[in-house]
Amino acid sequence: MSNDYFYGSSGCTCAVWNSHSTHGRGEHTTNMQEHPTRSLSNALLCREYEEDPAPLKTFLSGSSLGNGGPQLSFIPTAGAPAKASSPPPRIWQVFLEKERNPKSPGVVTHSSGNHGQAVAYAAKCAGLPCSVVVPKGTPKVKCDAIVNYGAELVFCEPSPAARKEVCAQIAEATGKAIIHPFDNYNVMAGQGTIALELLEEVPDLDAILVPISGGGMTSGIAVATHGLNPNCRVFAVEPVGKDLQRSLESKERLWPNPNRFLDTIADSIRIQQVGDLTFPILCDYAESKVFSVTDDQMIEGMRFIFERMKLVVEAASGAAVYAAMNSLEDVTPPPRKVGVILCGGNVDLDHLPWIDRKTSY
Ligand SMILES: Cc1ncc(COP(=O)(O)O)c(C=O)c1O
């Protein structure tokens, strides 16, 4: 495979994949315009929208865990950008919409809350109107943030189909551009910047664990990681019941239809099926081994991060933490230097899920 060089609009030179190369990991083809290998170059391009890369990287080594285990590097991805003036680069698509169509009537998305916040914030920065469709039952902390960023909040019935349908209706009625939460190559590329940040800090990671829902974050990270450090394996971490591993192993979508929300405490990663665009990328670039985590295990992971790192993270992040601390021996060879994506911190502080649990021995 050859490297090519990409000249971004600010003149920076970045090594990226040659978009004509084959991956050696699969035969997936889409048209060149939208070929997933563009994701790494897009992740690098997307970065030019970023004035201040992720504010915080925190490292916790195996010895801190007291089990002689792997070295873990945690990267928080959510929360406020470092400076109020720096738009979140991960939703690059919003800025592209504004550039391509300065008179755009705005953007609309559907989301379990975090993507909606990011789009709302990006739209505010870009000066575009924004609507966000969220399922009834979305945590108040996420809804409040969406409204505070100036977006219109629209509730729908709690199902993947309802989310999509209401979003499409708004787009149809208003002309707003749909920013899909995962089945959009530029959104995936934005998520790929997480890998850039992480691997810049710890280039020799041998694994990265990513909580997964529709698969945008995992796809973006897997493509960018494969371009930067092909020895680093990217594993998805799912709520029990998603059953992603079977589909990845067979490279076929084996889920029953219709798509549904899983019964899990992790409200950000509730969709059972990954996207039509993300699935082939996951088959090509992510490991087929998937870590499945129960609610109790996620809470254990959340609590650990709260106690040791003084960071409040969502249950989805707790899932990755739990898997990193307890399940790495399930893979061969077990990774020794592992990046863990702390993908969200929007938690209702009045209802921390471990609060009623045993507090002393
Ligand atoms: C907390 C959290 N975890 C994980 C994800 C990844 O979701 P997806 O797999 O749909 O990209 C998201 C996406 O918004 C998220 O908010």
Side-chain angles (χ1 to χ4, degrees), residues 36 39 43 74-79 88 90-93 109-122 132-135 138-139 141-143 145-146 160 163-164 179-195 208-224 234-239 242 244 247-248 259 261-262 264-279 281-282 285-286 290-291 293 298 301-302 305 311-323 339-348 353:
S39 282
F74 296 93
I75 180 164
T77 69
R90 304 197 217 287
I91 310 295
W92 187 40
Q93 183 71 50
T109 191
H110 54 91
S111 164
S112 49
N114 287 336
H115 171 79
Q117 282 176 68
V119 171
Y121 182 67
V132 181
V133 179
V134 297
T138 298
V141 62
K142 296 182 181 179
C143 296
I146 290 167
R163 264 170 58 152
K164 231 172 136 178
I179 312 284
H180 197 283
F182 44 85
D183 259 353
N184 175 311
Y185 292 124
N186 288 329
V187 170
M188 294 179 217
Q191 306 276 32
T193 62
I194 299 168
I208 299 178
L209 302 192
V210 195
I212 191 164
S213 190
M217 187 181 285
T218 313
S219 314
I221 288 177
V223 170
V234 173
F235 295 92
V237 184
E238 65 175 17
K242 187 176 181 79
L244 173 61
S247 292
L248 289 183
N259 197 359
F261 282 149
L262 301 167
T264 169
I265 189 179
D267 57 280
S268 302
I269 52 170
R270 275 206 294 164
I271 294 183
Q272 183 178 36
Q273 300 184 17
V274 300
D276 290 330
L277 298 187
T278 57
F279 181 63
I281 300 177
L282 294 168
Y285 294 100
V290 175
F291 298 105
V293 179
M298 291 180 202
M302 284 174 86
I305 293 293
L311 276 180
V312 178
V313 296
E314 294 182 33
S317 309
V321 173
Y322 182 88
V340 183
I341 310 298
L342 302 182
C343 50
N346 299 298
V347 173
D348 179 351

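Both ligands and their constituent atoms are indexed starting at 1 by order of listing. The figures here come from the full heavy-atom set of this structure, side chains too, leaving out hydrogens, waters and symmetry mates.
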(message) Applying the side chain to side chain contact (heavy atoms under 4.5 Å, CB included) criterion to T278, which one of V187, T218, D183, N184 satisfies it?
(response)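 When side chain to side chain contact (heavy atoms under 4.5 Å, CB included) is applied between T278 and each of V187, T218, D183, N184, only D183 qualifies.
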(request) Looking only at non-hydrogen atoms, find the nearest pair between I269 and P239 and report the distance. (result)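 Between these two residues, the closest heavy atoms are O-CG, 3.3 Å.
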(request) Over all heavy atoms of both residues, which pair between E238 and L244 is shortest? Give the atoms and the distance, please. (result)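 In terms of heavy atoms, the two residues are closest at OE1-N, 3.0 Å.
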(message) For the backbone of I179 and the side chain of T109, can you confirm whether one donor and one acceptor N or O come within less than 3.5 Å of each other?
(response)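 Between the backbone of I179 and the side chain of T109 there is a qualifying donor-acceptor contact (under 3.5 Å).
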(message) Does V274 form a side chain to side chain contact (heavy atoms under 4.5 Å, CB included) with F182? I'd like the steps, not just the answer.
(response) CA-CA 9 Å; V274 300; F182 44 85; over 6 Å; no
(request) For F279, check ring pair (Phe, Tyr, Trp, His ring centres under 6.0 Å) against everything at least two apart and list the hits. (result)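 With sequence neighbours excluded, F279 shows a ring pair (Phe, Tyr, Trp, His ring centres under 6.0 Å) to W255, given in chain and number order.
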Pick out the protein N or O atoms lying less than 3.5 Å from any N or O of ligand 1, and list each pair with its distance.
unit_1: ligand 1; atom_1: 9 (O); unit_2: S213; atom_2: N; d: 2.7
unit_1: ligand 1; atom_1: 9 (O); unit_2: G214; atom_2: N; d: 3.3
unit_1: ligand 1; atom_1: 9 (O); unit_2: G215; atom_2: N; d: 2.7
unit_1: ligand 1; atom_1: 10 (O); unit_2: G214; atom_2: N; d: 2.8
unit_1: ligand 1; atom_1: 10 (O); unit_2: G215; atom_2: N; d: 3.4
unit_1: ligand 1; atom_1: 11 (O); unit_2: G216; atom_2: N; d: 3.0
unit_1: ligand 1; atom_1: 11 (O); unit_2: M217; atom_2: N; d: 2.8
unit_1: ligand 1; atom_1: 16 (O); unit_2: N114; atom_2: ND2; d: 2.8

